[in-house]
Protein chains: 2
Amino acid sequence: MLTETLKALSEPTRFYIVELLKERPYSVNECAEYLEIRQPQASKHLRVLSDAGLVSVKTVAQKHIYSLNPEAFCQLEDWIGSFGMLWEKRLDRLGEDLREGKERDDSRSGI
Amino acid sequence: MLTETLKALSEPTRFYIVELLKERPYSVNECAEYLEIRQPQASKHLRVLSDAGLVSVKTVAQKHIYSLNPEAFCQLEDWIGSFGMLWEKRLDRLGEDLREGKERDDSRSGI
DNA sequence: TAGGAATATTCTTTTATAAGCATATTCCTA
DNA sequence: TAGGAATATGCTTATAAAAGAATATTCCTA
């Protein structure tokens, strides 16, 4: 479900965690330290991100190393990509209309 | 704030409204009808989407016609795009390492 | 200008979730 | 194997937001 992904990302603290993980994988304590939150909160937020498929865990000794999970972001990218066509379509129609010398009727453009 | 955009989209009903508006602009009542929700809810959800910059309104007589706002989606697309580089970078490193005949150390790959 | 159509707002109730704190769990090492 | 490091979980409280119902607002038209 895309909405779960979006929901997980919409929480500011989790958003920052994801931004942090862009740099490199981090352990739970490292996340907590960098974001200046307590360890349990970091753990919980990472769990939400994990449940949403946004991050993966790798266990090294006692440490749980979290890293971004490409698939989830590709899925999001695909969805966002499905909008780009809309603006292009409208520009296409605008172009056609201009070539045909039509008056532009914005009630049809959706802009 | 990107988190506001994400939050607005993360609500299932609003997500469907956005999907509906992909097709063409819709009035409040039309949205309510298609999504089988009551008019006030549609109005409220559209307000949230509007506050987040995801939709624009055009008033035609008493009707408020809502349509998607390209800028917001482009912003999202830019952000999502900033992740694509990461996977590529990793593939690049993998490629380099292979050419150099190195042993792969996954603790550095973040995958 | 009165009436109705279309939309927005207010208020209440309910539900979801984030934070805080304590504690449990897991696993390495001396 | 006892102790400590790293992480996870449970419980409570506080806050945010969604739904429902009633009502207010805006604006066109006869």
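In what follows, every chain begins at residue 1, and chains take the letters A, B, ... in the order their sequences are listed.
Distances from the side chain of T13(B) to the nucleotides dA19(D), dA8(D), dA5(C) place dA19(D) closest. Distances from the side chain of Q62(A) to the nucleotides dG4(C), dC27(C), dT9(D) place dC27(C) closest. Candidate nucleotides dG10(D), dA8(C), dC28(C) were compared by shortest atom distance to the side chain of K44(A), and dG10(D) ranks first. Distance from the side chain of H45(B) is smallest to dA19(D) among dT7(D), dA8(C), dA19(D).
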Pair F73(A)-V18(A), side-chain contact (heavy atoms from CB on, under 4.5 Å): steps then yes or no | CA-CA 11 Å; F73(A) 291 89; V18(A) 167; 3.8 Å; yes
From CA spacing to verdict: side-chain contact (heavy atoms from CB on, under 4.5 Å), V48(B), R14(B) = CA-CA 9 Å; V48(B) 174; R14(B) 286 194 292 266; 3.7 Å; yes
So E4(B) and D51(B), side-chain contact (heavy atoms from CB on, under 4.5 Å) or not? Walk me through it.
-> CA-CA 9 Å; E4(B) 192 190 352; D51(B) 286 346; 4.3 Å; yes
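Atom CD in E11(A) sits roughly 13 Å away from atom C1' in dT15(D) (whole-Å rounding). Going from atom CD1 of I37(A) over to atom P of dA18(C) covers 12 Å, rounded to whole Å. In this entry the distance linking NZ of K7(B) with P of dA17(D) reads 4 Å, nearest Å. Rounded to an integer number of Å, the gap from L49(A) CG to dT17(C) P is 14 Å. A straight line from CZ of R38(A) to P of dT9(D) spans 20 Å, rounded to a whole angstrom. To the nearest angstrom, P of dG20(C) lies 13 Å from CD of E36(A). N29(B) places its CG atom 11 Å from the P atom of dA5(C), with the value rounded to the nearest Å. H64(A) places its NE2 atom 17 Å from the P atom of dA5(D), with the value rounded to the nearest Å.
For dT7(C), neither phosphate oxygen OP1 nor OP2 lies less than 4.0 angstrom from any side-chain nitrogen or oxygen of R47(B). Taking only side-chain nitrogens and oxygens, S27(B) comes nearer than 4.0 Å to OP1 or OP2 of dT7(C). Considering only side-chain N and O atoms, Y66(A) lies nowhere under 4.0 angstrom from the phosphate OP1 or OP2 of dA6(D).
Across all strands shown, dG3(C) is found opposite dC28(D) as a Watson-Crick or G-U wobble partner, with both distances under 3.5 Å. When both distances must be under 3.5 Å, the Watson-Crick or G-U wobble mate of dA16(D) is dT15(C).
A donor-acceptor contact under 3.5 angstrom links the side chains of E19(A) and W79(B), judged on distance only.
Residue R14(A) is the one, among R14(A) and A61(A), whose nearest nucleotide of DNA chain C lies closer to the 5' end (criterion: closest heavy atom).
Counting distance only, with no hydrogens placed and no angle test, the side-chain atoms of Q39(B) and the base atoms of dA8(C) include a donor-acceptor pair under 3.5 Å.
L49(A) has its side chain out of reach of N69(A): every pair of non-hydrogen atoms, C-beta onward, lies at least 4.5 Å apart.
Across all strands shown, T59(B) has no heavy atoms under 4.0 Å from either base or sugar-phosphate atoms.
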